Amino acid sequence: MAAYFSYAGVTSNAQWYASAKAQAQYQAYIRAVVTRPAIFAWELANEARCNGCATSVMQNWVKTTAAFIKSLDSKHMVTTGSEGFGLTTGSDGSYPYQFGEGTDFAANCADPNIDFCTYHQYPDSWGISAASAQAWGNAWIQSHAAACVAAGKPCVLEEFGYSDNCAIELSWETTALKTAGTGGDMFWQYGDTLSSGLTSQDGNTVYYLSDLWNCMIAPHLADVKAKNG
């Protein structure tokens, strides 16, 4: 959002969501991208927040933007790109469940032009203690899955990471796979060896065929294959 600030004459995310000039430019960008082929689904934005805003601000933006995308392309799915913040289902009162970032997961998921919903999982970045991270993460998955079942829509655990900790992350993968309402999970992030060397390691990168890959990804892929035949 900050990339639009100077152009639109705004200084905050809250102003960005309400700025006609910023939204017009954003929709021009959407129009240019949505007319391209070979797309699985459209995402409104990655991890959009509006700290301190009423949840209605982002809810209105979701409604307007999802409808606009559908008007351009009715043949592809649309999703939110949400981290999953703002949820009463299963809430333990911790920061990610609260509504302070201006997001209401269930309300945004319920929009008729949103086809499936996303949530992310980075408890170490969200103030969750190391001692409770594994159990907290499993509960976070189950809470969002339940909200998605209630909305009648599938969900994807679109990003997750925990400092390359196989035991914790494999536990989350197992929970996501067996919990109704979550249709898939995607670890952050894939790494490989190029001619120039290893791709970026941001603290959560899992390199292809590394020890971590063989511990965390290979068995999960086998479990997914076994479940789906």
Side-chain angles (χ1 to χ4, degrees), residues 39-48 77-87 89-92 94 96-97 103 105-106 108-109 114-126 128 130 132-192 199-229:
I39 298 297
F40 172 73
W42 300 111
E43 184 168 290
L44 304 189
N46 180 53
E47 300 184 344
M77 295 183 291
V78 175
T79 189
T80 58
S82 167
E83 294 163 281
F85 291 169
L87 183 64
T89 303
S91 175
D92 63 359
S94 60
Y97 282 99
T103 65
F105 177 80
N108 294 338
C109 186
I114 295 297
D115 299 295
F116 68 95
C117 307
T118 67
Y119 62 100
H120 299 176
Q121 188 157 302
Y122 297 105
D124 53 339
S125 298
W126 296 343
I128 307 302
S132 60
Q134 182 170 329
W136 186 93
N138 285 324
W140 178 256
I141 292 167
Q142 292 163 342
S143 296
H144 285 79
C148 293
V149 169
K153 298 179 181 182
C155 279
V156 174
L157 174 53
E158 189 186 42
E159 292 183 27
F160 65 90
Y162 196 78
S163 302
D164 292 343
N165 186 310
C166 175
I168 290 177
E169 295 183 81
L170 183 58
S171 170
W172 295 344
E173 290 173 321
T174 301
T175 298
L177 182 61
K178 71 181 183 182
T179 303
T182 290
D185 60 88
M186 298 188 287
F187 67 95
W188 180 271
Q189 64 174 333
Y190 175 83
D192 211 337
T199 56
S200 175
Q201 170 58 273
D202 70 349
N204 291 312
T205 303
V206 184
Y207 291 101
Y208 181 58
L209 297 183
S210 65
D211 289 343
L212 182 61
W213 176 280
N214 292 328
C215 175
M216 171 186 150
I217 304 303
H220 184 53
L221 292 175
D223 289 344
V224 170
K225 183 177 180 179
K227 178 179 179 179
N228 296 297

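Residue numbers start at 1 and run along the sequence shown. Small disclaimer: the values here were computed from a predicted structure and weren't measured.
- Contact annotation: the side chain of Met77 approaches that of Phe116 to within less than 4.5 Å [non-hydrogen atoms, C-beta and beyond].
- A donor and an acceptor atom, one from each side chain of Ser171 and Asn138, are located under 3.5 Å apart.
- Between Ile114 and Asn108 there is no side-chain heavy-atom pair separated by less than 4.5 Å.
- For the residue pair Ser94 / Trp136, a side-chain donor-acceptor distance below 3.5 Å is found, with atom types taken as modelled.
- Looking only at side-chain heavy atoms (C-beta outward), Asn228 and Val224 come within less than 4.5 Å of each other.
- Remark: Thr79 OG1 to Phe40 CZ distance equals 9.0 Å, nearest 0.5 Å.
- Contact annotation: the side chain of Phe187 never approaches that of Tyr162 to less than 4.5 Å [non-hydrogen atoms, C-beta and beyond].
- For the atom pair OG1 (Thr103) and OH (Tyr119), the distance works out to 15.0 Å, reported to the nearest 0.5 Å.
- Inter-residue side-chain proximity for Cys155 and Lys153 is flagged as unmet; no heavy-atom pair is nearer than 4.5 Å.
- Between the OG atom in Ser163 and the CG atom in Asp124 there is a gap of 4.5 Å [rounded to 0.5 Å].
- Annotation for Tyr190: atom OH counts as buried by contact number, over 12 foreign heavy atoms lying within 6.0 Å.
- Residues Ile128 and Pro96 come closest through the heavy atom pair CD1-CD, 4.4 Å.
- Side-chain contact between Ile141 and Leu157: present, with at least one pair of heavy atoms (C-beta onward) separated by less than 4.5 Å.
- Counted within 6.0 Å of NZ on Lys225, heavy atoms from surrounding residues, nucleotides or ligands total 12 or fewer; the atom is thus considered open.
- Distance check, rounded to the nearest 0.5 Å: CG of Asp115 to OG1 of Thr80 gives 11.0 Å.
- Between Thr89 and Tyr97 there is no side-chain heavy-atom pair separated by less than 4.5 Å.
- Residues Trp126 and Trp140 place their aromatic rings such that the two centres sit under 6.0 Å apart.
- Atom CG of Asp211 is surrounded by 12 or fewer heavy atoms from other residues, nucleotides or ligands within 6.0 Å.
- Evaluated for a side-chain contact (heavy atoms from CB on, under 4.5 Å) with Trp188, the options Glu169, Glu158, Glu159 yield exactly one hit, Glu159.
- Put simply, the side chain of Tyr122 reaches to within 4.5 Å of the side chain of His120, judged on heavy atoms.
- Checked by atom type, the side-chain pair Gln189/Thr205 shows a donor-acceptor distance below 3.5 Å.
- Shortest non-hydrogen contact noted between Gly181 and Cys148 is O-CB, 3.8 Å.
- Disulfide criterion (SG-SG under 2.5 Å) for Cys166 and Cys215: met.
- Interatomic distance, OG of Ser82 versus CZ of Phe105, reported as 6.0 Å (0.5 Å rounding).
- Below 30°, between 30° and 60°, or above 60°: for Trp213 and Tyr208 the angle between ring planes is above 60°, a perpendicular geometry.
- For the atom pair CD (Glu83) and CG (Asn46), the distance works out to 7.5 Å, reported to the nearest 0.5 Å.
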